[in-house]
Amino acid sequence: MFTSKYTWQVRERTEKLSEDIKKEYKLNHLETTLLENRGYNTPDKVDEILAPAEYNWQYIPNINEAAEMIQKHLYAGNRILIYGDYDADGITSTTILYDALKEKNENVFYFIPNRMEHGYGPNYDFFEFEVVGNADLVITVDNGVAAAKEIALLRENNIDVVIIDHHAFADEIPDAVIVHAGYPDSKYPFQELAGVGAAYKVLESLGLQKDEYLGLAAIGTVADIVSMTDENKSLVTKGLAVLNQQMPLGLSTLLKMSNHSGTIDEETIGFTIAPRLNATGRMDEASIGVELLMADDENRAYEIASGIEELNTERKALVEMIYKEASAQVNQNNEINIVTGEDWHQGVLGIVASRLVDQFGKPAIVMSSDFDVFKGSARSIEGIDLLSVLKKHQDYFATLGGHSQALGLSVYEDSINEFKETVTAYFNNLELNLKPIQYIDYKITNDNLTLKDFERIRRLKPFGKDFNKPVFMITNQTVKSIRQVGKDLSHIKITLQELDIDIIGFKFGFLHNEVQPGDKISLIGSLNINDFNHKRTLQMVLLDARIDDLQIIDMRAKNEQDFSLIKQDDLFVTSEDNDGKNNYFTYGESLPIAVSTLVLRDIPYDLEELKTTMKGLQASKIIVIFNDKNELFFEGLPSKQLIESADEIIMKAKDGAIDLSIHAPHLAERIGTSMRNLKIIIDILADLSRIRLESGIVYKDEVQSSIHIENSQYLKRLTTKIEAEAKLKMSSGQNMKDYLRTLITT
């Protein structure tokens with residue numbers, strides 16, 4: 001049995017869509033199922049996906065006051081500083097505000113803090129030494145609502161402040177004009193705008209919006225993983241249309257360097273554009289991201305894009321290095337993974353924590369030494385509010401903040417070991433047996449999904465948070481073929497006998513050792529359309545796999561043997577005595593009822609002994625080697641005539657003894673057989689007490705009767721062994737597996 005990484009939970013509808021809605025939107029059965037199972041079953045809810053609205057900016061709290069304040073400083077020619085953030089949302093927000101305001105006033109500047117030097121959000125020292133006396137208006141974007149102290153410093157020095165943000169408010173609200181769709185008591189219909197969405201609304205209030213800003217708003221919104229419903233869905237849909245029609249020069253240059261071509265969609269942003277923009281803030285200065293998005297010279301665009309591509313490459317290498325070191329610290333018996341390093345780059349620790357969560361399915365905290373603290377990031381899984389748990393151990397932290405699933409923290413250096421022990425013990429004592437949940441939208445059967453059906457769900461795009469890309473499930477299907485692909489064979493391709501859907505599993509190469517043709521398997525993943533050689537087919541991109549039945553791994557052929565699958569504490573069955581080893585058994589012995597992994601090392605001498613051992617077995621996995629140094633099947637056993645000839649020669653020996661080290665070749669030649677068969681004949685005669693074999697010398701016993709070969713128990717054992725070899729070694733993989741399953745259940 002191969003267990004899944006996720007807990008699979010199939011979504012179930014609570015209410016059906018009306019026939020009027022299905023008719024109005026011409027919904028097919030797949031679209032209907034996806035909407036119903038996700039709770040979009042009323043006209044208003046369906047509109048959030050299929051006809052998302054844009055709302056009047058005037059309903060956002062304080063936006064008119066913000067517009068008036070910004071206009072006052074623009075028209076007066078005052079010094080305006082835009083203070084952004086170092087991620088893709090902050091970069092795009094800063095870009096559209098700076099570009100729009102700069103056209104009206106030359107005294108507009110922007111600054112994006114350095115992650116390592118300034119940290120997240122407004123920096124008190126920077127404001128005190130660089131901003132006071134040098135600005136008349138500060139506009140923070142994608143940050144600021146939790147910075148009451150820093151904003152107070154500006155206000156005390158007669159600097160006006162507009163905060164454009166979407167993050168959670170702290171206990172104290174700053175003394176500023178705050179533009180936030182989710183402001184307390186807000187009546188704005190949609191309160192999940194990203195920072196760039198709020199910034200775009202401010203530009204609308206100033207009459208400075210442009211179509212090109214919608215493209216950047218789409219990038220920031222997708223990158224910040226905010227709700228992809230309602231107004232965000234509208235903004236992103238329009239923004240993607242703009243990007244596909246008029247791509248900014250710097251962005252098109254960056255995409256060419258990343259080898260992207262074709263249509264730009266939310267996945268292009270999420271997997272290509274956003275990581276590269278975020279890499280600027282992780283590895284260097286995020287301001288170069290703003291420069292890229294505003295570049296209007298090809299040479300300059302190429303120079304900046306090249307630098308960003310290098311930063312992204314460096315970022316990926318750092319992540320791989322740190323992840324390798326971090327995962328080596330993981331104890332899979334723990335319910336939370338807390339790992340630390342001495343010189344890990346702070347900018348990528350959040351990515352490493354996310355990868356640990358993906359790999360092990362448990363919350364992860366990744367920290368690195370930073371002077372007198374260990375500083376880092378944490379990520380959780382659904383159902384575990386990690387921030388609330390850590391707040392119960394507040395004494396360990398120099399800083400702690402963020403959300404239930406993603407947060408930043410720093411722990412005092414002299415407390416780090418105690419912190420790790422205490423928090424790990426807390427989670428272990430809960431005995432949660434943690435496993436992240438993967439929700440499944442649609443179960444594929446032989447005839448319920450066609451290529452034409454699937455093509456329709458593009459109407460539901462773009463996908464994202466709160467309306468994720470659909471996950472499909474295939475259950476208990478027979479594997480037709482399975483092969484490893486990729487330079488390092490780390491990926492897998494699977495075809496199924498009953499379904500015309502190809503499966504590609506990136507980083508699932510290990511499945512090749514777990515599954516073989518003829519096995520039953522269950523799979524979940526996303527679907528896309530594979531267009532190859534002018535043939536369009538459905539393809540599943542694997543998320544997880546599960547084998548509900550007993551796994552039988554066929555390693556009979558030497559080129560199929562991967563002994564890394566076998567652990568020292570597995571149970572082994574052999575054909576010989578095992579000198580009392582606790583986890584070694586001999587064929588014919590009964591095994592413990594419940595077994596995790598059973599290794600059938602040797603060929604049994606008798607199928608009845610195998611049957612006794614296997615009967616009623618409850619195992620998750622059986623690894624079949626059936627090794628034997630002396631296979632009998634192909635050469636067979638010596639004939640009765642050969643045995644009688646050898647017996648006659650030995651009985652007529654004058655001195656009564658034959659030294660095999662000297663005479664064996666001559667004896668084999670005389671009776672016309674091989675040395676191998678001669679050895680078997682000698683053992684049969686010894687078994688019948690016709691001879692004694694001592695130190696390689698054959699002595700004839702004093703027997704008067706004629707030979708009765710049929711009485712040899714040894715010969716009978718060899719005969720049953722040939723039968724076992726034929727059944728277990730020479731049969732097809734599927735027949736062998738079916739036979740073993742039959743032995744277990746009968």
Side-chain angles (χ1 to χ4, degrees), residues 11 25-28 30-35 37-40 44-55 87-89 91-93 96 166 181 189-201 211-248 251-252 255 258 260-278 439 441-442 453-472 525-529 541 543:
R11 299 181 193 268
Y25 285 104
K26 298 178 181 178
L27 299 173
N28 68 11
L30 175 59
E31 294 169 305
T32 299
T33 301
L34 292 178
L35 290 168
N37 287 357
R38 295 176 179 213
Y40 291 88
D44 288 344
K45 292 293 288 181
V46 172
D47 282 345
E48 289 182 18
I49 304 303
L50 291 171
E54 278 193 51
Y55 301 108
D87 66 2
D89 188 15
I91 290 169
T92 52
S93 303
I96 65 174
H166 71 116
F190 183 71
Q191 300 184 10
E192 302 294 329
L193 293 172
V196 70
Y200 183 79
K201 289 294 179 179
D211 282 350
E212 63 191 75
Y213 297 158
L214 278 171
L216 299 185
I219 292 172
T221 300
V222 172
D224 220 50
I225 316 180
V226 291
S227 180
M228 194 53 64
T229 60
D230 209 357
E231 188 168 26
N232 278 342
K233 203 171 190 74
S234 177
L235 286 172
V236 172
T237 300
K238 292 179 178 179
L240 287 171
V242 170
L243 288 174
N244 281 290
Q245 291 171 3
Q246 53 185 72
M247 174 75 67
L251 208 53
S252 65
L255 285 174
S258 67
H260 178 274
S261 60
T263 303
I264 296 167
D265 61 9
E266 71 273 23
E267 293 192 19
T268 312
I269 294 173
F271 296 108
T272 303
I273 297 174
R276 285 164 172 79
L277 290 180
N278 285 333
Y439 291 99
D441 295 279
Y442 195 82
D453 293 332
F454 177 73
E455 287 180 311
R456 291 283 296 279
I457 69 168
R458 67 182 60 175
R459 297 199 303 159
L460 305 179
K461 289 166 65 71
F463 297 114
K465 182 185 175 186
D466 297 335
F467 200 76
N468 291 315
K469 190 174 184 178
V471 174
F472 296 83
S526 59
L527 289 187
N528 59 31
I529 297 174
V541 179
L543 281 173

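- Checking Arg458, Arg456, Arg38 one by one against Glu31, the salt bridge (Lys or Arg N to Asp or Glu O under 4.0 Å) holds for a single residue, Arg456.
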Contacts table for residues 266-276: side-chain donor-acceptor under 3.5 angstrom, sequence neighbours left out:
{"residue": "Glu266", "atom": "OE1", "partner": "Lys461", "partner atom": "NZ", "Å": "3.2"}
{"residue": "Glu266", "atom": "OE2", "partner": "Lys461", "partner atom": "NZ", "Å": "3.0"}
{"residue": "Glu266", "atom": "OE2", "partner": "Phe463", "partner atom": "N", "Å": "2.9"}
{"residue": "Glu267", "atom": "OE2", "partner": "Lys469", "partner atom": "NZ", "Å": "2.5"}
{"residue": "Thr268", "atom": "OG1", "partner": "His260", "partner atom": "NE2", "Å": "3.4"}
{"residue": "Thr268", "atom": "OG1", "partner": "Asp265", "partner atom": "N", "Å": "3.1"}
{"residue": "Thr268", "atom": "OG1", "partner": "Asp265", "partner atom": "OD1", "Å": "3.0"}
{"residue": "Arg276", "atom": "NE", "partner": "Glu309", "partner atom": "OE1", "Å": "2.8"}
{"residue": "Arg276", "atom": "NH1", "partner": "Thr272", "partner atom": "O", "Å": "3.0"}
{"residue": "Arg276", "atom": "NH2", "partner": "Glu309", "partner atom": "OE2", "Å": "3.2"}

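- You'll find the side chain of Leu27 reaches within 4.5 Å of the side chain of Arg459, heavy atoms only.
- Under the 4.5 Å side-chain criterion, counting only non-hydrogen atoms from C-beta, Tyr55 is not in contact with Leu193.
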Test side chain to side chain contact (heavy atoms under 4.5 Å, CB included) applied to Thr221 and Val196, step by step: CA-CA 7 Å; Thr221 300; Val196 70; 3.6 Å; yes

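- Proximity of Tyr25 to Thr32: side-chain heavy atoms (C-beta onward) are nowhere separated by under 4.5 Å.
- Formation of a donor-acceptor pair under 3.5 Å by the Asp87 side chain with backbone atoms of Asn278 is not found in this model.
- Note on residues 215-237: pairs passing salt bridge (charged side-chain N to carboxylate O under 4.0 Å, His left out), not counting sequence neighbours, are Lys201-Glu231.
- Counting all heavy atoms, side chain and backbone alike, Arg11 lies closest to Asn37 at O-ND2, 3.5 Å.
- At a threshold of 4.5 Å between non-hydrogen side-chain atoms, the residues Ile96 and Glu212 do not count as touching.
- Pairing each heavy atom of Gly39 with each of Lys45, the nearest pair is O-CE, 4.0 Å.
- Proximity of Pro470 to Ile457: side-chain heavy atoms (C-beta onward) are separated by under 4.5 Å at one or more points.
- Side-chain contact between Leu214 and Tyr200 is present, with at least one heavy-atom pair separated by less than 4.5 Å.
- Residues forming a side-chain hydrogen bond (donor to acceptor under 3.5 Å, both in side chains) with Asp453 (at least two apart in sequence, or on another chain): His29, Thr450.
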Apply side chain to side chain contact (heavy atoms under 4.5 Å, CB included) to Asp47 and Tyr40, showing your working. CA-CA 9 Å; Asp47 282 345; Tyr40 291 88; over 6 Å; no

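- With Asn244 contributing its side chain and Ile264 its backbone, the two residues share a donor-acceptor pair below 3.5 Å.
- For the pair Thr237 and Pro462, the minimum side-chain heavy-atom distance is below 4.5 Å.
- In this structure, the side chains of Leu243 and Pro248 come closer than 4.5 Å at one or more pairs of heavy atoms.
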